[in-house]
Amino acid sequence: MTKDASISNHADADADEKQPLRVAVDSVSETSSIKSKKGYSTISGIQDEFSGLSDHDADILRKQIHVPSVTASFLRLFRYADKKDKIILFFGVGASVLEGLMRPLMSVVFGAATQQFTDLPPGGMMSMVNGYLFSNNTYMTYNETIGYNETTSSYPYNSTEYGFKYQPLDPNQFISDISMLALYLALIGLAVSILTFIKSYIFIDRAEVLAARIREQYLAATLRQNIGYFDKLGSGEITTRIASDTVLVQDAMSEKVSYVISHGTTFLAAVVVAYTQSALLSSIIIGSVIMIILVSYFGSKAITKFAERSQEGYSVGGSLAEETISSVRNVQAFGVQERMAESYDKFLEISEKWSIKAGYAGALQAGLTFLFAFSIDGLAYWQGTRLLTEGRLTVAVMMTVIMTLFQGAFAFTIISPYLSNISTGLAASTKIFATIDRESPIDSSSEEGQRLAEVKGDIELRNVRFIYPSRPNVTVLRDFNLKIPAGKTVALVGASGSGKSTIVGLIERFYNPLSGEVLLDGHNILGLNTRWLRQKVALVSQEPSLFACSIFENICYGLIGTQYENASLVEKRDLVIEACKQANAWDFIQDLPDGLETNVGERGFLMSGGQKQRIAIARAIVANPRILLLDEATSALDTKSEGVVQEALDRASKNRTTIVIAHRLSTIKDADMIVVMRTGTILEQGTHDELLAKKGEYFGLVQAQSIEALKEDSAESDESDDGEQALDEKAGIPLAKYSTTLTKVCTGKSTSSAIFHKEVEEKKPASIMEVLKMLFKIGRADLTAMLVGLYSGAITGVAFLGIGVIYGFALQYLQEYSTPDDYERLKQALYPIAGFLFMHGGVLLISCTTGGCMFGYSSSRLVRRIRTLSFRHLLRQDIAYFDADEHSVGSLTASLANDAQSIEALGGATTNKLVEAMVIFFGGFIFCVIIGFKLGLVMFGTIPIILVIGGFRFKFLAEFVEQSKEGNEKSSTYACEATSAIRTVLSLTREEEIVERYRTNLQMLIKGNRTANFKSAFLDGFARGMQYFIMALGFYYGGILVGRGEYTLFQFFLIFVVVVFGSENSTTVFTFAPEMGKALSAGRSIKTLLESVPEIDAWSPEGDVIPVDEVNGEIEFRDVHFRYPTRPEVPVLKGLNLTVKKGQFVALVGSSGCGKSTTIGLIESFYRPQRGTVLLDGRDISTLNVSAYRNNIALVQQEPVLYAGSIKYNVALGSSTPVSDEEIETACKQANIHNFITSLPEGYDTLCGTKGTLLSGGQKQRIAIARALIRQPKVLLLDEATSALDSESEKIVQAALDDAAKGRTTIAVAHRLSTIQNADVIYVFENGKILESGTHQQLLANRGKYFDLVQLQALEKN
């Protein structure tokens, strides 16, 4: 299996002649890209791809796939801000700066207040001053000496004899001064509340607006890229970028930016204030401040780098997830859920590795920041004490410098989680802006190029040489020449890979030729405007793409760029109805309950293959285009429809140039010219009759498709009752044998009936505790890491409490030893304090780093587990789950990316902060009440207000996230759908219309979010202001208590510092309320999914298991009635009865929508019938074990599904047990694909590309057949298994299928009757019932519906 290669992307219609890509990359390291696992690969370097080509060729191909790299830049995030946004953001930045200035201002007030407190007499003296000093005729005791004072209180006692310097003190004056300072703090708090509200609202709102513009620009840029670009990209990656990465970018522009600005301003202002107070002390300390800046800078760079790697890893996994979910029927049919989950997990492993490193970098950044922050305090107390004792500082100046620089440093510690978020957003932006900035070599949005006044429709390919950019080692067209006269119909036929679809791609200008010219009316199309050109050409692809809207809207897309684009609804409706009639779609549309307004479902899944194809044809011909390209346009139609549609297309082809690619030769026998191709060259050309007369290549193709004529021998015509009996024996039990009464299926609780009667109970959303309990269960394996993280967080919290003790002692010493005589004692007291602060920084370095690392590690692993579990549980759901509108591929892929990401936001720094806050709150409360219960209770009583506000904001945001989730999913799904069907979008020139609708969706979301953002910002502002109100209250009430002598300075400052830290931490935690809200919503979604048990459960051990050697393969339908759960009003099967005996080859034929593919789905146990029974060997399949039952069945679908691995990997997926290379080769030989594979440079290790886009339709189909055969099934289901094959391949594959069918039961759905004429029994379906059955000859003799179908497909000249 190939290890080093690039994953290629989905394109919605496969090009018949593409062959697999093999990108040679000499060395792929995990630091530059992601290693391939299980045949999967990623975005790798492309430097070696074109080394074997000339510079000219390499340059043309390189331009078609090269994506320039973009470096992360913060200002680039705001590139779409207009003048209005810039003015609003200017006010937001202004408010942030002013709010940031409030903290240093608070430090100045704090310094002044500290001076007031330290000017008081020491603790015991204060009591005496209050108790005795102001009474007449009282004694004063001082230093054991009694002094008598006969004077009044106005007489100053200032006897130096006792060394007592205190002036008589008026407590009222002291309280008045402190009250004034408390008032200043309250006013600062009010300003902070208002400024925080303004800055938060502005940044939240503008981030939404600008992120919406980035989403819009990214989608627009994606839609204007050339098809070669998509050969290098998974559509799941595009979904991940739009759904997940843009959310990270929005986060990087949101209110967190305002916090960074305000805290950054605090830091700068703190430095300025400190220098104005004392340049000398500030210069001593500034080294630690510079270290904090360097730590933040290098830490953020490391986090950005690792986050980029992590996102790169997941984006490839996202593509795999999208590819798997979009082909869930195939995944369940082959039981490969576990293997796909393992492949997905390989990419998650890489993403997890880099995510853990990002967590470690963030933790180390936070730890070092704390170390240097407390180094500031340590240095300040150490050197500040020296300067104070030398008389070069006052206490107020020293405390102001300490407080301001500590505030500044602490601001940086708070910034670190915000910087982490911004760094992650910057990392996410690089890929988005790389796409936006990429110049597409074929840009459909460009106005450049000529527009012809009139189009005749002459097309010529002159000396065209072509190579696919994704496959540079294979030349597809070599000096190719072909003239197609205006108004003529030219058919291209030939084996798969001969270059037919390439010609269509070149005319549509999906690719550029290496040399030669493609001419329209004599003008080189390279010189024509691309959008105008595509509007003159209508394309119907082999696998038609419809959009998730009504039939009417889908067909109207064909009017884009025409005079009818802006016509009235009435006029458009007339055009649409006429087009539907021409495409033979009107009859079935009228039968639908909502008619033209019927929603076709995501990618048209609510329509049958034939219905989709007819809607696509109506869309193509509605605008009466000059050039019509039909790439297997009728391959999915039943014979009757095909005849009528072919007649309509023949009519539509008149007077317009039509190019038809067809494998069914009956559809092109009336073409003006038939061109027979092989390996990029023309073998022969002429009309049907001329080519038959030549008896060359075309003659051989016709012979391969001829249908056996009715044998006119007498034995046949004289068939007796014995013959009828023989027919009954072959065809199974006669219908009359069954009772007409309806018997309900025994399936326990019938979910489908509940859906039909809208009785499905609405579950209450899970509570926070239930979500946390679930997350604990999932992350229990990392319990040790989480406990170490919790323990470290608790130590950090306790360390913050310790700061209060240190500050309390420091201020007490400053008060007690404030005279010059006590300066030596002051040094002896404060130097250890400085040492304790250095030690504190060391403790916080260890605890913060350890806690951050442990939480980063456990949260990254939790994210991986959640994604893996969610993916597994998604693949566990039954098919009805995926049919629901809310479970579209886009929304499920987006949920996989987003939900786990939202949970991760709770990990690392956030969880650390949460634990710290809880320890500080509860520990601080106990501490403060013990130290001084009055002040402790009053100040701590205010913190619950912050918690209540924060909790209310969290609850409110959680509910809001839940409400807005639907809108976000809808817009993501819309974008995903557009990029998945990129070829259809480009050919219809829908780019502008898609972007416009996407813009409207986003604007509605923004409008709906504004009220919620307003409330959120208001609550945030109120919570921020509360810190200052608490401080004001503390100073006021604490001043009264100290002034009265009830509390010492030590008690006051200890309680004050602890409460301030507690309120700061509480507020900081709730700045993460939006993330918490998203995490709760995501947790609920994950819980709902993990607890969802489908009715048809492939995981369930319940049900009987028939031993493999006892399975005969007899299938029987008894009076089966069925309606799809998503369309309960439309009956599909109405009492179906059919029997398939062991070893029989049974064919199901009939018009589109009659129930053939539904029958296959019921045999595969994708659904349960509402009435009646489906039996295997006489046993009701609803009683059998689902997984064991499906192991006996193999399915080959109408639209074959391959995965972005090697050919060997894809074939091996068919077997439930490991298979050898010999077994894989044997299966490929049976499917007639072995010789082709061995001719490829990489052989069986050749990559297929995402969804097999690097292979032609025929090649994909044969690999899908090989995958089915390696399973060695007892029952083989072929749902149009050869529809994509050319005549030559079809004949050989049909022979292989005939051989494979021997000894096993085979049920084939077919529109090409030549493929099933040898069937033992042919059942003809009509309206969900069997109309007639028998062998080919018997049904021809009946001259019923089957006879009519055969006549429509006859190739004879008459």
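Since we're looking at a predicted model, the values are computed, not measured.
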message: Could you go through Thr868 and Glu349, starting from their C-alpha distance and side-chain angles, then the distance that decides it, and tell me whether this counts as side-chain contact (heavy atoms from CB on, under 4.5 Å)?
response: CA-CA 10 Å; Thr868 302; Glu349 186 183 351; over 6 Å; no
- prompt: Would Leu892 and Phe882 count as a side-chain contact (heavy atoms from CB on, under 4.5 Å) if you check the C-alpha gap in whole Å, the side-chain angles of each, and the deciding distance to 0.1 Å?
  reply: CA-CA 9 Å; Leu892 292 175; Phe882 296 93; 3.8 Å; yes
message: Could you walk me through whether Thr1159 and Tyr1323 satisfy the side chain to side chain donor-acceptor pair (under 3.5 Å) test, starting with their C-alpha distance in whole Å, then the side-chain angles of each, then the deciding distance to 0.1 Å, before giving a yes or no?
response: CA-CA 12 Å; Thr1159 304; Tyr1323 284 102; over 6 Å; no
message: Run the side-chain contact (heavy atoms from CB on, under 4.5 Å) test on Leu320 and Phe347 for me, step by step, so that the C-alpha distance in whole Å, both residues' side-chain angles and the decisive distance to 0.1 Å come before the verdict.
response: CA-CA 9 Å; Leu320 166 59; Phe347 293 109; 4.1 Å; yes
- request: Applying side-chain contact (heavy atoms from CB on, under 4.5 Å), run through Val1309 and Leu1278 and close with a yes or a no.
  value: CA-CA 6 Å; Val1309 172; Leu1278 308 172; over 6 Å; no
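In this structure, Asp1097 CG and Asp878 CG are separated by 8.5 Å, a value rounded to the nearest 0.5 Å. Note that CD1 of Ile1106 and NZ of Lys1274 are 10.0 Å apart. Values are rounded to the nearest 0.5 Å. The line from CD1 of Ile1181 to CD1 of Ile1193 is 7.0 Å long, rounded to the nearest 0.5 Å. The SG atom of Cys1228 sits 4.0 Å away from atom OH of Tyr1244, with the distance rounded to the nearest 0.5 Å. With rounding to the nearest 0.5 Å, the separation of NZ in Lys1229 from CD in Glu1222 is 9.5 Å. In this structure, OG in Ser1165 is found 8.5 Å from CG in Leu1184, a value given to the nearest 0.5 Å.
Electrostatic pairing of Lys1087 and Glu1091 counts as a salt bridge here, judged by a charged N lying under 4.0 Å from a carboxylate O. Using a 4.0 Å cut-off between charged nitrogen and carboxylate oxygen, Arg329 and Asp883 count as a salt-bridge pair. A salt bridge does not link Glu1095 with Arg1168: none of the charged nitrogens is closer than 4.0 Å to a carboxylate oxygen.
The side chain to side chain donor-acceptor pair (under 3.5 Å) test applied to Asn1327 returns no partner, not counting sequence neighbours. Residues satisfying the salt bridge (charged side-chain N to carboxylate O under 4.0 Å, His left out) test with Lys1329, not counting sequence neighbours, are none. Among residues two or more places apart in sequence or in another chain, the side-chain contact (heavy atoms from CB on, under 4.5 Å) test is passed with Ser1157 by Asp1279. Applying the side-chain contact (heavy atoms from CB on, under 4.5 Å) criterion to Leu1175, with sequence neighbours excluded, gives Glu1116, Arg1118, Thr1173, Asp1180. Listed by chain and residue number, Ile866, Leu896, Ile1086, Leu1089 satisfy the side-chain contact (heavy atoms from CB on, under 4.5 Å) test with Ser870 (two or more places apart in sequence, or in another chain). Residues passing the side-chain contact (heavy atoms from CB on, under 4.5 Å) test with Ala1188, sequence neighbours excluded: Val1105, Asn1185. Ser1215 pairs by the side chain to side chain donor-acceptor pair (under 3.5 Å) definition with Thr1217, not counting sequence neighbours. Applying the ring pair (Phe, Tyr, Trp, His ring centres under 6.0 Å) criterion to Phe871, with sequence neighbours excluded, gives Tyr344. With sequence neighbours excluded, no residue satisfies salt bridge (charged side-chain N to carboxylate O under 4.0 Å, His left out) with Asp591.
Checking Ser343 against Tyr1209 by side-chain atom types alone, a donor-acceptor pair falls below 3.5 Å. Ser1220 and Glu1223 are linked by a side-chain donor-acceptor pair at a separation below 3.5 angstrom, with hydrogens and angles left out of the test. Between the side chains of Gln877 and Ser1092, at least one donor N or O lies within less than 3.5 Å of an accepting N or O.
Residues Ile1207 and Ile1263 are in side-chain contact: their nearest non-hydrogen atoms beyond the backbone lie under 4.5 Å apart. Inter-residue side-chain proximity for Gln1144 and Thr1306 is flagged as unmet; no heavy-atom pair is nearer than 4.5 Å. Contact of the Gln332 side chain with the Leu1195 side chain is not registered, since no non-hydrogen atoms from C-beta on lie closer than 4.5 Å. The closest side-chain heavy-atom distance from Pro1107 to Asp1109 is below 4.5 Å. Proximity of His1336 to Asn1318: side-chain heavy atoms (C-beta onward) are nowhere separated by under 4.5 Å. You'll find the side chain of Arg1267 reaches within 4.5 Å of the side chain of Leu1202, heavy atoms only. Under the 4.5 Å side-chain criterion, counting only non-hydrogen atoms from C-beta, Phe1117 is not in contact with Thr1139. Side-chain contact check for Pro1273 versus Asn1192: every heavy-atom pair is 4.5 Å or farther apart.
Pairs of residues two or more places apart, or lying in two chains, that qualify as salt bridge (Lys or Arg N to Asp or Glu O under 4.0 Å) and include a residue from residues 866-875 are Glu338-Arg872. For residues 1148-1178, every residue pair satisfying the ring-ring contact (aromatic ring centres under 6.0 Å, His included) rule, not counting sequence neighbours, is listed here: Phe1122-Tyr1167, Tyr1124-Tyr1167. Sorted by first then second residue, the ring-ring contact (aromatic ring centres under 6.0 Å, His included) pairs that include residues 1125-1154, not counting sequence neighbours, number zero.
The two residues Ala1310 and Val1149 have their closest heavy-atom pair at O-CG1, 3.6 Å. In plain terms, the two heavy atoms of Ala1227 and Ala1266 that are nearest each other are CB-O, 3.6 Å. Shown here for Ser1085 and Asp899, the closest heavy-atom pair between the two residues is CB-OD2, 3.6 Å. Residues Arg1271 and Arg1190 come closest through the heavy atom pair NH2-O, 3.1 Å. Summarising the geometry of Asp1177 relative to Asn1112, their closest heavy-atom pair is OD2-N, 2.8 Å, with the distance given to 0.1 Å. Nearest heavy atoms, Leu1276 versus Ala1268: CD1-CB, 4.1 Å.
Side chain of Thr1183 to backbone of Arg1179: no donor-acceptor contact under 3.5 angstrom is found. Here the side chain of Thr1335 pairs a donor or acceptor atom with the backbone of Gln1338 at under 3.5 angstrom. No donor-acceptor distance shorter than 3.5 angstrom exists from the side chain of Arg876 to the backbone of Val1093, with no hydrogens or angles considered.
Taking the six-membered ring for Trp, Tyr881 and His887 have ring centres closer than 6.0 Å.
The local environment of CD in Glu1332 is crowded, with over 12 non-hydrogen atoms from other residues, nucleotides or ligands closer than 6.0 Å. Shown here is Glu1102, whose CD atom has no more than 12 heavy atoms of other residues, nucleotides or ligands within 6.0 Å.
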